[in-house]
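Counting starts at 1 for both ligands and their atoms, following the listed order. A quick note: this is a predicted structure, and the numbers were derived from the prediction, not measured.
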Amino acid sequence: MNSLRKKHGEDFDIEVVYEDQPSNDWTSLFYRLQGVIPKPESYLVAHPDVRVFASGTSFYKQCFPNNSLHFGFSCAGMHWLSRLPCKITDGLHPTQITVAEEREMFRRQAAEDWETILVHRARELQPGGRLVITNLGTDKDNQYVGNTKRIKCSLIKHMTDKGRTLVKKGIITKEESQSMNINTCRSHGRRN
Ligand SMILES: C[S@@+](CC[C@H](N)C(=O)[O-])C[C@H]1O[C@@H](n2cnc3c(N)ncnc32)[C@H](O)[C@@H]1O
C-alpha cells in the first residue's frame, strides 16, 4: 500500500477483492479485516480508505470484468481440481496414488483445469497486469506438502497408512476407504 501510494500519490484508490468458494468462512475474513478479530492487526487499520470486496465465484469461472485486474495473487489454491477424475484405489490424496492409470487421469484433469484457469485470468488481467500463483506440487525428489527432507513424518502418508490399517482390521471396508479423501477439489457449496 505504502509503495503504491508513494508511486501514484496519496489519493490513489486501491481496491482489494478476495475470491474463494461460496462455502468459504467469509464472516471470519471480514471480522479480521475490520478489526473485530484484533490480532494480527489488519492493514485496514493503517489504510482505512482501501476498498475491500469479496467474490464467491469459483476461479473456474471468470470472476472479474474483462481487462480490469492490475494484480492477481493466489496462494495454495489453484491446484484444487474442478472435479475428482476417479477414486484413488489406495490412498487419501493424489500424492499417494499407486495405480498408473489413476495418476494419468489426475494429470489430465490438472492440465485441463490449469488451461481453464489461465484462460479466465487472461481475460480479467489488464494489458501489462501481473499474476502471481503459487500451487502445491511434487518435485523430482517426491517432496510435497508435509513430506520434505527436513520433516520426519508425512501427515498425508500417515493418514493413508491409518486408513489401510482400518481396512486390514476389518473396521472399514475397502470401498469405504476408497470413498475417503483429503479434499483438493471444488466443494460445490458444501463445507469441506
Ligand atoms: C489450502 S487453502 C489456501 C488458502 C489461502 N490462500 C492460504 O494460503 O492460506 C485453498 C483455498 O482454495 C479455495 N478454493 C478451492 N477451489 C476453489 C475454487 N474453485 N474457486 C475459488 N476458491 C477455491 C478453498 O476454498 C480454500 O480456501
[X]-ligand 1 polar pair, N/O distance under 3.5 Å:
{"X": "Gln21", "value": "yes"}
{"X": "Phe59", "value": "yes"}
{"X": "Cys75", "value": "yes"}

Practice prompt. Check each heavy atom of Trp80 against ligand 1 and say whether those closer than 4.0 Å belong to the side chain, the backbone, both or neither.
Written response: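 The side chain, only.
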Under a 4.0 Å N-O cut-off, is there an ion pair linking Glu112 with Arg108?
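Salt bridge absent between Glu112 and Arg108.
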TODO: Using a strict cut-off of less than 4.0 Å between a Lys/Arg side-chain nitrogen and an Asp/Glu carboxylate oxygen, indicate whether Asp13 and Arg5 qualify as a salt bridge.
DONE: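 Result for this pair is no, no salt bridge flagged.
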At less than 4.0 angstrom from any non-hydrogen atom of [X], what atoms of ligand 1 do you find?
{"X": "Ser58", "result": "18 (C), 19 (N), 20 (N)"}
{"X": "Gly77", "result": "10 (C), 12 (O)"}
{"X": "Ala76", "result": "1 (C), 2 (S), 3 (C), 10 (C)"}

Would you indicate which of Asp113, Thr134, Leu81, Asp20 comes nearest to atom 27 (O) of ligand 1 when only heavy atoms are counted?
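The nearest heavy atom belongs to Asp20.
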Exercise. So, the side chain of Asp20 versus the backbone of Asn24: is there a donor-acceptor pair under 3.5 Å, distance only?
Worked result: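 No: the side chain of Asp20 does not pair with the backbone of Asn24.
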Test item: Arg121 side-chain N/O and Phe59 main-chain N/O as donor-acceptor pair under 3.5 Å: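 At least one qualifying donor-acceptor pair exists.
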Please step through side chain to side chain donor-acceptor pair (under 3.5 Å) for the pair Glu102 and Thr89, ending with a clear verdict. CA-CA 8 Å; Glu102 291 173 9; Thr89 303; 2.2 Å; yes
*asked:* Is it true that Gln109 and Ser82 share a donor-acceptor pair across their side chains at a distance under 3.5 Å?
replied: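 Yes - a donor-acceptor pair under 3.5 Å links their side chains.
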